[in-house]
Amino acid sequence: GENVEQHPSTLSVQEGDSAVIKCTYSDSASNYFPWYKQELGKGPQLIIDIRSNVGEKKDQRIAVTLNKTAKHFSLHITETQPEDSAVYFCAASKPTGNQFYFGTGTSLTVIP
Amino acid sequence: NAGVTQTPKFRILKIGQSMTLQCTQDMNHNYMYWYRQDPGMGLKLIYYSVGAGITDKGEVPNGYNVSRSTTEDFPLRLELAAPSQTSVYFCATGGGGLREKLFFGSGTQLSVL
């Protein structure tokens, strides 16, 4: 299988500061790494993803970095806003099979 | 275009009761998934389907059953509810070139007492 670990479990930042969430994975065959945002009472929603042939990807205030050698990837949110407050999940999947392996989630609170 | 619709949103069951969680999608996606979410445990895959008539077990299938008679519907059945099945259940889809991008429903919160 695959084991995805996510840290920290909770994170509080002041509005305007940056937030970083880190994940590690165990199976070097994993090649796709999405990040999901879950707002209260809703299902997770994909916010950004990265494939193993890319080291970094940006989309406005969010970015994801991948270190294949160390088997870890991170989510970076800059200029945080109160609406960024949510639970964030990382995940990993392999080119074969149909399973996604999720981290345990990070509850982000942005303090106005 | 409703996306992924789950019903009911909330349910309380007594131990030993049965129920079916409904999931329907209008995105014409082949892939459908059922996850459960427990506090501090992330999302665990229960069952998945790669198309009508095809289902397979995920990480935590015990106590559940599924069927996939149409592309649109993927119901999850609990036959003999147990307290360990208290959780939030999410249905998700993925399809075609977007197979790897999951689209989730809004969830069903189930309590077994």
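Within every chain, numbering begins at 1; the chains are lettered A, B, ... in the order of the sequence lines, protein sequences first and strands thereafter.
Hydrophobic clustering (ILVMFWY, side-chain heavy atoms < 4.5 Å, transitive): B:V88 and B:Y64 are in distinct clusters. Note: the hydrophobic cluster containing A:V87 also contains B:Y35 (ILVMFWY, side chain heavy atoms under 4.5 Å, direct or indirect links). A:I62 is connected to A:L66 through a chain of hydrophobic side-chain contacts under 4.5 Å among Ile, Leu, Val, Met, Phe, Trp and Tyr, so both are in one cluster. Tracing side-chain contacts under 4.5 Å through hydrophobic residues (I, L, V, M, F, W, Y), one never reaches B:L78 starting from B:F90; they form parts of separate clusters. Hydrophobic clustering, with ILVMFWY side chains joined whenever heavy atoms are under 4.5 angstrom apart, keeps A:Y25 apart from A:L46.
Heavy atoms of B:V50 lying under 4.5 Å from chain A belong exclusively to its side chain. With a 4.5 angstrom heavy-atom cutoff, A:P44 touches chain B via backbone and side-chain atoms both. Contacts of B:Q6 with chain A are absent, with no heavy-atom separation under 4.5 Å from either backbone or side chain. Only the side chain of B:L45 has a heavy atom closer than 4.5 Å to any heavy atom of chain A.
Atom CD in A:Q99 sits 12.5 Å away from atom NZ in B:K57 (nearest 0.5 Å). Going from atom NZ of B:K101 over to atom CD of A:Q45 covers 12.0 Å, rounded to the nearest 0.5 Å.
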task: List the steps, then state whether side-chain hydrogen bond (donor to acceptor under 3.5 Å, both in side chains) holds for A:Q38 with B:Q37.
output: CA-CA 12 Å; A:Q38 185 179 24; B:Q37 183 179 35; 2.9 Å; yes

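For A:Q60, the CD atom counts as loosely surrounded, since its 6.0 Å shell holds 12 or fewer non-hydrogen atoms of other residues, nucleotides or ligands. In the displayed structure, A:L40 atom CG is contacted under 6.0 Å by at most 12 heavy atoms of other residues, nucleotides or ligands.
When ring centroids are compared, B:F104 and A:Y36 come within the 6.0 Å threshold.
The side-chain heavy atoms of A:F102 and B:M41, taken from C-beta on, include no pair separated by under 4.5 Å. Two residues are said to be in side-chain contact when any heavy atoms from C-beta on lie closer than 4.5 Å; B:L102 and A:F100 meet this criterion.
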